[in-house]
Amino acid sequence: METIRSDAAAWESYGFSAEAGERKSARALLVQHLGRCTGHAGLSPGLRALTDYVSASHFLLLRHDVMPEAGLESVIASDWPFDMVRAIAGAILAGQSRMSELDKCLTLLKPCFSHLADDIAVPKGISREYCTIAFHVGRVRMSLLLLFPEHFILSQSKLRDVGVMTGYFASVCCQGAFLRQDREMELTEREVECLYWIAEGKTSDEIAVILGISRNTINNYITSVMRKTATKTRSEAIAWAVRNNLV
């Protein structure tokens, strides 16, 4: 059976007194604790509180707006063993990049379970099955990956709580960095024009004639678009532009 700590124990674990009249539900305590973490404690302590709430053993927070080859650059925060992170980060990004836009929407805030590859070593007593919960912070898709003790029976309601609260918590903690990056990665007017004509099925030569500039310049604009949007092909860039209402 799932182990659920008493409200008093949870209250004390978050640094509050468990005197009579002060006891609250574990969920309410978690929300209050996350509020304190956004003020000064930072991202990792809040993620540890979320991990403890669902009785998981380890957390890994990834962002998906980077290329699959980036690997460790996608890691926002983690207490997974480093070798496990290095082994799995690129595979997670690659799997996300292969998902259709519909599948990405359907899996938002939905706990999804996968198994680690047999050649990945896991800590003793930890299950090879892990849980992924995807959410958005602004335009950035992120995922929280959780490891659990072996033979542990999970609470689906708590997992859903964790997905929602992680999204809100990460948006507060990461918003400044993401907004700065968004400004740095904004498309220029010319790049948006190129995206529009690509979506209309035009080639680089045709776009060069339409815009009155050289073919090489058009290709440079398109390369810049794919770098900024973390896409690898023109079709992926068009899909990104459609998703963000640019074409």
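Between the NE2 atom of His33 and the SG atom of Cys37 there is a distance of 3.5 Å, given to the nearest 0.5 Å. Distance CD1/Ile238 to OH/Tyr196: 12.5 Å, rounded to 0.5 Å. In this structure, CG in Leu159 is found 5.0 Å from SG in Cys131, a value given to the nearest 0.5 Å.
The shortest distance between side-chain heavy atoms of Thr166 and Ile133 does not fall below 4.5 Å. Leu145 is not listed as a side-chain neighbour of Ser78, based on a closest heavy-atom distance of 4.5 Å or more. Ile92 has its side chain out of reach of Leu60: every pair of non-hydrogen atoms, C-beta onward, lies at least 4.5 Å apart. The side-chain heavy atoms of Leu62 and Gln96, taken from C-beta on, include no pair separated by under 4.5 Å.
For His64, the side-chain hydrogen bond (donor to acceptor under 3.5 Å, both in side chains) partners at least two apart in sequence or on another chain are Ser143.
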Name the atoms and distances for all side-chain donor-acceptor pairs under 3.5 Å in residues 218-226, with sequence neighbours left out.
{"from": "Asn219", "atom 1": "OD1", "to": "Ser204", "atom 2": "OG", "distance (Å)": "2.7"}
{"from": "Asn219", "atom 1": "OD1", "to": "Arg234", "atom 2": "NH2", "distance (Å)": "3.2"}
{"from": "Asn220", "atom 1": "ND2", "to": "Asn216", "atom 2": "O", "distance (Å)": "3.3"}
{"from": "Thr223", "atom 1": "OG1", "to": "Asn219", "atom 2": "O", "distance (Å)": "2.9"}
{"from": "Ser224", "atom 1": "OG", "to": "Glu191", "atom 2": "OE2", "distance (Å)": "2.6"}

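Applying the salt bridge (Lys or Arg N to Asp or Glu O under 4.0 Å) rule to pairs touching residues 195-206 yields Asp205-Arg215, sequence neighbours excluded. For residues 107-116, the side chain to side chain donor-acceptor pair (under 3.5 Å) pairs, not counting sequence neighbours, are Thr107-Arg141. Applying the salt bridge (Lys or Arg N to Asp or Glu O under 4.0 Å) test to every pair with at least one member in residues 116-132, sequence neighbours left out, gives no pairs at all. Residue pairs meeting the salt bridge (Lys or Arg N to Asp or Glu O under 4.0 Å) criterion with at least one partner in residues 84-94, sequence neighbours excluded, are Asp83-Arg86.
One N or O on the side chain of Asp79 and one on the backbone of Phe59 form a donor-acceptor pair closer than 3.5 Å.
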